[in-house]
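Here the structure comes first, spelled out in structure tokens, and everything after it is commentary.
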Amino acid sequence: MFTIKNYVKVKDLEEAYELNQKRNNVVLGGIMWLKMGSRNIQNAIDLSALGLEKIEETEDSFEIGCMATLRQLETDSRLNSYFDGAIAESVKSIVGVQFRNTATIGGSIYGRFGFSDPLTCLLVLDTYVELYKKGIIPLSEFVDMPRDNDILVKIIIKKDTRKVSYLSYRKTATDLPVLTCAVARTEDGWLAAIGARPARAKLIRDERKMLGREPEEDEIAVFQSFVEENTVFKSNMRGSGEYRRHLAGVLLRRGIRAVSERGE
Amino acid sequence: MKISLWINDKLIEDDIPADTILLEFLREKGCYSVKRGCETSNCGLCTVLMEGKPILSCSTLALRAEGKHITTMEGLQEEAKEFGEFLADQGGEQCGFCSPGFIMNVIAMTRELEDPTEQEIKEYLAGNLCRCTGYQSQLRAIRNYLEMKKGAK
Ligand SMILES: Cc1cc2nc3c(=O)[nH]c(=O)nc-3n(C[C@H](O)[C@H](O)[C@H](O)COP(=O)(O)OP(=O)(O)OC[C@H]3O[C@@H](n4cnc5c(N)ncnc54)[C@H](O)[C@@H]3O)c2cc1C
Ligand code: FES
Ligand code: FES
């Protein structure tokens with residue numbers, strides 16, 4: 001269990017950023033993950049007075065404050081009227097409603113957890129993170145950046161008409177996933193993300209156009225082999241690397257078929 | 001650190017260590033319905049309502065509840081008793097360990113979802129683990145309870 005000496009409800013992001021430069025100071029999301037560790041925190045940095053819990057819709061995007069909860073992402077009808085409801089689908093198996101009412105999207109994406117469902121899903125959307133100092137960068141870059149002491153302020157998802165399918169496999173309801181898989185078809189072609197490998201989600205683009213708009217089984221098989229060959233799967237207590245590789249093929253095929261069936 | 005919040009509509013003010021967990025704080029204030037189960041946010045036993053929404057008090061800092069309304073089963077005795085009878089009728093309570101958190105989340109669900117489907121009920125209550133019942137008797141109790149509430153409208 002962690003300990004906290006001081007609790008600072010910051011007045012602005014500059015104060016949060018300044019405090020966060022010291023190693024013993026920590027930004028709080030919903031603390032679901034932090035609490036499982038044993039850090040001795042000097043100053044706990046609470047962002048909840050900064051109005052960052054909102055999901056805002058603009059002309060061309062959704063802007064989700066870092067303190068928005070996973071449950072907000074699940075129940076926001078504007079957000080889920082896009083992307084075939086994949087965002088809701090990606091969070092609704094995470095523990096329970098009570099958990100999702102406090103776990104934040106900021107903590108979830110900043111954490112870049114290997115098992116992360118929302119990270120896998122957001123990777124196949126046109127998603128950006130807004131960092132206080134580094135500014136706006138694509139999620140696909142952020143995912144591989146080393147951890148630093150910046151503050152994740154917002155997640156920005158550009159609106160478009162891509163078709164999306166999100167799938168995960170769990171041994172038992174509410175457990176961490178053994179494998180996560182998101183598939184999307186954009187105007188330019190197909191994308192897939194595979195997570196819980198158990199390493200963090202990896203984005204794969206169908207740059208060679210192996211898949212047509214509504215691919216036949218043999219096209220799917222070619223893409224599946226490509227993904228299986230170019231993705232590293234490892235073992236942990238939830239499953240072996242080989243098992244994950246097999247699951248990835250199954251979920252990928254299902255995802256591609258589901259997207260194809262949705263038409264244009 | 002100073003804290004003021006409402007527990008079951010009563011204003012409470014105190015001075016607490018920064019890392020006080022809400023569950024500890026509530027029990028210290030006499031809310032013994034709030035039970036400690038797994039403490040790893042997996043079982044749902046410690047469920048309370050914050051501003052009407054169910055949360056896990058074992059995984060929430062008390063200071064996060066600053067200025068907010070917290071409801072425990074002590075503040076929902078009538079509703080809890082009413083649903084508890086449906087649970088007992090169906091044998092949906094065996095050792096009873098899971099009941100406090102389960103009943104709190106059922107009450108939260110009836111407030112949030114209008115006429116939920118079986119699937120929606122299962123999804124809403126997925127975070128409330130029960131080692132005894134196999135969930136079927138709990139589901140029957142919920143269905144009967146919702147029917148009764150519909151009839152009473
Ligand atoms: C028991 C359990 C089961 C889980 N199961 C799943 C699952 O099945 N699928 C899944 O996808 N996830 C799962 N998770 C992860 C969970 O969904 C959250 O992603 C996780 O708890 C982090 O969110 P949080 O709000 O609790 O962040 P915290 O625990 O508060 O923070 C996590 C990290 O992010 C940092 N941080 C938080 N916010 C910011 C910010 N704005 N800027 C910079 N840094 C920040 C914190 O300092 C900390 O290092 C599980 C977690 C637990 C504890
Ligand atoms: S005691 Fe809080 S979830 Fe188990
Ligand atoms: S009745 Fe025993 S755990 Fe639910």
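The analysis underlying the following values was restricted to heavy atoms, covering all of them including side chains, and did not include hydrogens, waters or symmetry mates. Residue numbers start from 1 in every chain, and the chains themselves are labelled A, B, ... in the order their sequence lines are given, proteins ahead of strands.
- Interface check for chain B: of the options A:N6, A:D46, A:T102, the most heavy-atom pairs under 4.5 Å are formed by A:D46.
- Neither the backbone nor the side chain of A:I41 has a heavy atom closer than 4.5 Å to any heavy atom of chain B.
- Looking at every heavy atom in both residues, A:Q42 comes nearest to A:N25 through CB-OD1, 3.4 Å.
- Under a cutoff of 6.0 Å and an axis angle of 45°, B:R27 and B:F25 do not form a cation-pi pair.
- A side-chain N or O of B:E74 and one of B:T72 form a donor-acceptor pair less than 3.5 Å apart.
- Geometrically, A:R78 does not engage A:F62 in a cation-pi contact, judged by NZ or CZ lying under 6.0 Å from the ring centre and within 45° of the ring axis.
- The residue among B:R64, B:M104, B:M1 with the most heavy atom pairs within less than 4.5 Å of chain A is B:R64.
- Interface remark: A:T3 contributes backbone and side-chain atoms alike to the contact with chain B (heavy atom separation under 4.5 Å).
- Of all heavy-atom pairs spanning A:V95 and B:N42, the tightest one is CG1-CA, 4.4 Å.
- Applying a 4.5 Å heavy-atom cutoff, the residues of residues 47-62 of chain B that approach chain A are B:T47, B:K53, B:P54, B:I55, B:L56, B:C58, B:S59, B:T60, B:L61.
- We find that A:R257 and A:E261 are not joined by a salt bridge, their nearest charged nitrogen and carboxylate oxygen being 4.0 Å or further apart.
- A cation-pi arrangement is present between A:K133 and A:Y17, with the terminal nitrogen or guanidinium carbon under 6.0 Å from the aromatic centre and inside a 45° cone about the axis.
- Relative ring orientation between B:F86 and B:Y145 is described as perpendicular, the plane-to-plane angle rising above 60° on a 0-90° scale split at 30° and 60°.
- Between chain B and the options A:D175, A:T174, A:I31, heavy-atom pairs under 4.5 Å are most frequent for A:I31.
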